[in-house]
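In what follows, every heavy atom counts, from backbone to side chain, and hydrogens, waters and symmetry copies are set aside. Chain identifiers are assigned alphabetically (A, B, ...) following the order of the sequence lines, protein sequences preceding nucleic acid strands; residue numbering begins at 1 within each chain.
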Amino acid sequence: MLDKNGIATRIAQEVRDGWYVNLGIGIPTLVANHITEGMEVEFQSENGILGMGPFPLEGSEDADLINAGKQTITAMPGAVYFDSATSFAMIRGRHVQLTVLGAMEVSANGDIANWKIPGKMVKGMGGAMDLVASADNIVVAMMHTNRAGESKLLPTCSLPLTGVGCVKRVVTNLAVVDIKDGAFHLIERAPGVSVQEIIDATAGTLIVPSDVPEMTM
Amino acid sequence: MLDKNGIATRIAQEVRDGWYVNLGIGIPTLVANHITEGMEVEFQSENGILGMGPFPLEGSEDADLINAGKQTITAMPGAVYFDSATSFAMIRGRHVQLTVLGAMEVSANGDIANWKIPGKMVKGMGGAMDLVASADNIVVAMMHTNRAGESKLLPTCSLPLTGVGCVKRVVTNLAVVDIKDGAFHLIERAPGVSVQEIIDATAGTLIVPSDVPEMTM
Amino acid sequence: MSISKLVSGVEDACSGIQDGMTLMLGGFGLCGIPENCIDQLVKLGVKDVTCISNNAGVDGFGLGKLLSGHQIRKMISSYVGENDEFERQMLSGELEVDLIPQGSLAERCRAGGAGIPAFYTPAGYGTEVAEGKEVRDFEGKPHILETALTADFAFVKAWKGDAAGNLIFKATARNFNPMMAMAGKITVAEVEELVPLGELNPNEIHTPGIFVQRIFQGKSFEKRIEQRTVRTRKTNS
Amino acid sequence: MSISKLVSGVEDACSGIQDGMTLMLGGFGLCGIPENCIDQLVKLGVKDVTCISNNAGVDGFGLGKLLSGHQIRKMISSYVGENDEFERQMLSGELEVDLIPQGSLAERCRAGGAGIPAFYTPAGYGTEVAEGKEVRDFEGKPHILETALTADFAFVKAWKGDAAGNLIFKATARNFNPMMAMAGKITVAEVEELVPLGELNPNEIHTPGIFVQRIFQGKSFEKRIEQRTVRTRKTNS
């Protein structure tokens, strides 16, 4: 079973040379720490920076330089700042090759819900609806089950949707699962996790091949 | 009867303090030379400058600094450069208070034609269609008649239109004419021009008040 | 001769604001928000305003100040997750809230300033956001029609500005400020540094002065940091 | 680590261009046009291309070079008044021409790059431009629906650029270049000065490198002036 950094490590393997990548808040943010050394990758943060660097050294943080999670950051050489309309022009115009974001629920036809629990929690969608409606590659990073132990991979989402039919791949603490033809497809097991555990934790239809390799981390 | 500079001088009287003004090619360009000293006015050229200044001194012209007529220009203190999308955001978004442009024909309901003579001349509309569709104040600067001596103020335009129902005022070598309620209204005579001369040179319905003042230049 | 937008201070800059107006406020989180104007709105005590702002501040800072005084009738935002009082007012029904995708919010403000009354976007298709909106396929993909946003007043915060209203923003404090500047009937810019006319390089200006009606030198910017994340100098990793 | 867009020169930059493709070319008149790439298009002898460019150059320079070689099948422009050969080919029917309002051209390119498939504009309503297009009223005013433009290749010319593809334009040579950079499937940037990574101030970049696929140091820019207008030093008026 993977911890949050493990999920981020596995997702980092999805990143290809020359890609612009948008990382959501939470586990996705950690992906930046696990990119292969020397790979040409730039991180876009939708509040207005391309070429995001690591957190600043203590004492050199700048209130005017933050990421979409409102964290103080730095800029890499070759970075650029821009306004929100230009930022979403990049996203909507499919100039960003990979989006990694968290979810509360994912359905077997690729729907995703992550912005609202009616009557309880309403944080808003932020840029998530633009991201999932636009990106060609959308990878969801999340725990396989919620705090109550219920599966987050469902036949259909019960919460208000963020986007429809958009999620291609889900990486959880238990598995890598692809979505196609209205079903979940088990691709890899997390180290030490059995196929049965994954089947038990998945509420939506899960196609399981005869051989399910363990992730190589 | 006015010459081109005379027309420009009269149009300069239309300009108000604090206005952004777009001047078309030809006679309109001359308007800039006749603005009252000390008046706060900025000229927008749709190719990407606000705060256009006079022509450069000989030898200091810059190929990268031109106006929409492709003439070398200078920038005033407080000037700003921008791209074409932003330029037309200013125009379409009604941030420019006055547009002055030339015309081949103007009709009594405010239509304007100035971009095409089918089968003969096709220069294109440039920014004129955006300008006339957007501006609140559109003043046309032109000669009252064409080279063949035919009126350019018509019941309806015969040439392909640039815009419909948009021209509010026409300043010609003979007169200032306003357009409202589907008719031309004679407002002022050019110095030394009789009302009858204007009536004779106007093909569209012209409403003539009992007293028609001469322009004060 | 350039058109002067200079006013004496925040009082002049905010004159004419009335109850029930629609206001745009630049900023992302607490980054690049018009602190001086927000304080003035509190001081003026304007009520029942509709605020268009990507976020709603935090408890006690930014738009949180207007929320705690119940000055806001309706919020149009994309993300409001940092503000407990906001969530309370929304869930209790005291506050009307229109949540819209961040990219659509930015584009709708730009459209409002650019004379584009409406445009199609894929964002929000198949979700609550699409309810009541026209759906149209382009190249086989469904899009929804979104309309322009404008405001009676837009408040933006810039790094540098001049009397002509030209603005330069700093780093990610730019965010929504340029589009909101475009979309305000009266756009008020507060700047950290007001520079003499001609000092800004015309090639480096982000917001041309034509979009700004009033500009003033702001005071005592707090520039609060929402999430102070750092590397310690020791580990340097 | 930033993504390098650097190629060795104009040959590499233009590799993959095929007959019949749609090409965008930045510039207004002869100001800010991609001179190196235009010469390479002539050299490659690509045929039957559709060119999207605000203007069509002059006889013998800019896009006039492609016109004289009959390489262009169709032009999409807003103003073509400076080119006799263009007018001849158009009136004789050798050249297909789609003339569209300048603001709509700029916005359609931006839309193409920004994932906005269509938008409404008042420009062109009631004219030939509106023929076959949807008309819709917004606030009582008729608008027409315009769709996005994209291109197989977009050629832009910048003043400064770096290996990450970030671009800064100079003065009014910016014009259509930023929008066309956004709208090209492959965007090629030729720059007057290629600077080391990190030398461009991230706050001053006009076109973020994400919109540029190939960048190279251009050579022998002629930068021809179309209308040389000056004041004489003597009169100084």
Side-chain angles (χ1 to χ4, degrees), chain A residues 25 33 45-49 52 54-75 79 81-92 111 113 115-116 119-134 160-166, chain C residues 28-32 54-56 77-82 87 90-91 97 99-107 109-110 121-129 141-143 159 169-179 206 221-234 236-237:
Chain A
I25 297 169
N33 303 332
S45 195
E46 66 267 26
N47 61 312
I49 177 173
M52 198 180 359
F55 295 145
L57 288 171
E58 209 172 342
S60 67
E61 59 272 26
D62 179 353
D64 291 325
L65 184 49
I66 64 170
N67 64 16
K70 282 91 176 179
Q71 297 171 311
T72 47
I73 54 164
T74 55
Y81 308 127
F82 38 83
D83 64 45
S84 303
T86 304
S87 181
F88 284 91
M90 295 174 187
I91 290 166
R92 217 189 296 100
D111 296 351
W115 72 284
K116 184 178 182 181
K120 278 190 193 166
M121 186 283 287
V122 191
K123 292 192 180 303
M125 67 292 284
M129 282 194 184
D130 308 272
L131 283 159
V132 300
S134 309
L161 296 182
T162 307
V164 294
C166 53
Chain C
F28 184 98
L30 303 180
C31 181
N54 187 57
N55 310 89
S77 301
S78 89
Y79 192 80
V80 294
E82 293 94 351
E87 198 157 20
M90 174 169 54
L91 293 175
V97 178
L99 288 168
I100 57 185
Q102 194 171 130
S104 298
L105 178 60
E107 193 68 14
C109 292
R110 179 187 178 277
T121 175
Y125 168 74
T127 76
E128 282 183 17
V129 164
K141 186 175 171 175
H143 292 70
W159 182 34
F169 305 94
K170 190 177 154 209
T172 56
R174 196 182 319 178
N175 53 65
F176 282 84
N177 284 298
M179 284 77 64
H206 298 133
F221 287 100
E222 181 175 336
K223 297 176 74 166
R224 196 185 288 189
I225 291 175
E226 214 162 329
Q227 304 283 342
R228 187 178 304 270
T229 46
V230 295
R231 289 174 292 162
T232 54
R233 287 189 183 272
K234 270 184 185 166
N236 198 28
S237 67

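Most heavy-atom pairs under 4.5 Å with chain C: of the set A/Ile66, A/Asn33, A/Ile49, this distinction falls to A/Ile66. Per-residue heavy-atom pair counts under 4.5 Å with chain A were compared for C/Pro178, C/Ala173, C/Pro101, and the maximum is reached by C/Pro101. The most heavy-atom pairs under 4.5 Å with chain C, out of A/Ser60, A/Ala79, A/Ala113, A/Ala68, come from A/Ala68. Between chain A and the options C/Gly124, C/Pro122, C/Gly126, the largest number of non-hydrogen pairs under 4.5 Å is found for C/Pro122. Of the listed residues (A/Gly165, A/Gly127, A/Gly48), the one with the most heavy-atom contacts under 4.5 Å to chain C is A/Gly127. Annotation: maximal heavy-atom pairing with chain C below 4.5 Å, among A/Ala63, A/Gly163, A/Gly126, A/Ala133, occurs at A/Gly126.
Using a 4.5 Å cut-off between heavy atoms, C/Glu87 touches chain A through its side chain atoms alone. Within the 4.5 angstrom heavy-atom criterion, no atom of C/Leu105 approaches chain A. For chain C, the nearby part of A/Thr162 is the backbone; its heavy atoms alone come within less than 4.5 Å. Looking at A/Lys116, the atoms closer than 4.5 Å to chain C (heavy atoms on both sides) all sit in the side chain, from C-beta outward. Contacts between A/Asn67 and chain C at a heavy-atom distance below 4.5 Å involve the backbone alone (N, CA, C, O). When heavy atoms are compared at a cutoff of 4.5 Å, C/Asn177 does not approach chain A at all. At a 4.5 Å heavy-atom cutoff, the contact between A/Leu65 and chain C is made by backbone and side-chain atoms alike.
Residues forming a side chain to side chain contact (heavy atoms under 4.5 Å, CB included) with C/Ala106 (at least two apart in sequence, or on another chain): A/Ser84, A/Ala85, C/Phe176, C/Met179.
Residue A/Asp111 holds its CG atom at 5.0 Å from CG of A/Leu161, rounded to the nearest 0.5 Å.
Side-chain atoms of A/Thr72 do not come within 3.5 Å of backbone N or O of A/Asp62 as any donor-acceptor pair.
No side-chain heavy atom of C/His206 sits less than 4.5 Å from a side-chain heavy atom of A/Tyr81. C/Phe28 is listed as a side-chain neighbour of C/Gln102, based on a closest heavy-atom distance under 4.5 Å. A 4.5 Å side-chain heavy-atom check between A/Lys70 and C/Tyr79 finds at least one atom pair inside the cut-off. Between C/Ser77 and C/Val97 there is no side-chain heavy-atom pair separated by less than 4.5 Å. Two residues are said to be in side-chain contact when any heavy atoms from C-beta on lie closer than 4.5 Å; C/Met90 and A/Val122 meet this criterion.
Salt bridge status for A/Asp83 with C/Arg110: absent, with no side-chain N to carboxylate O gap under 4.0 Å.
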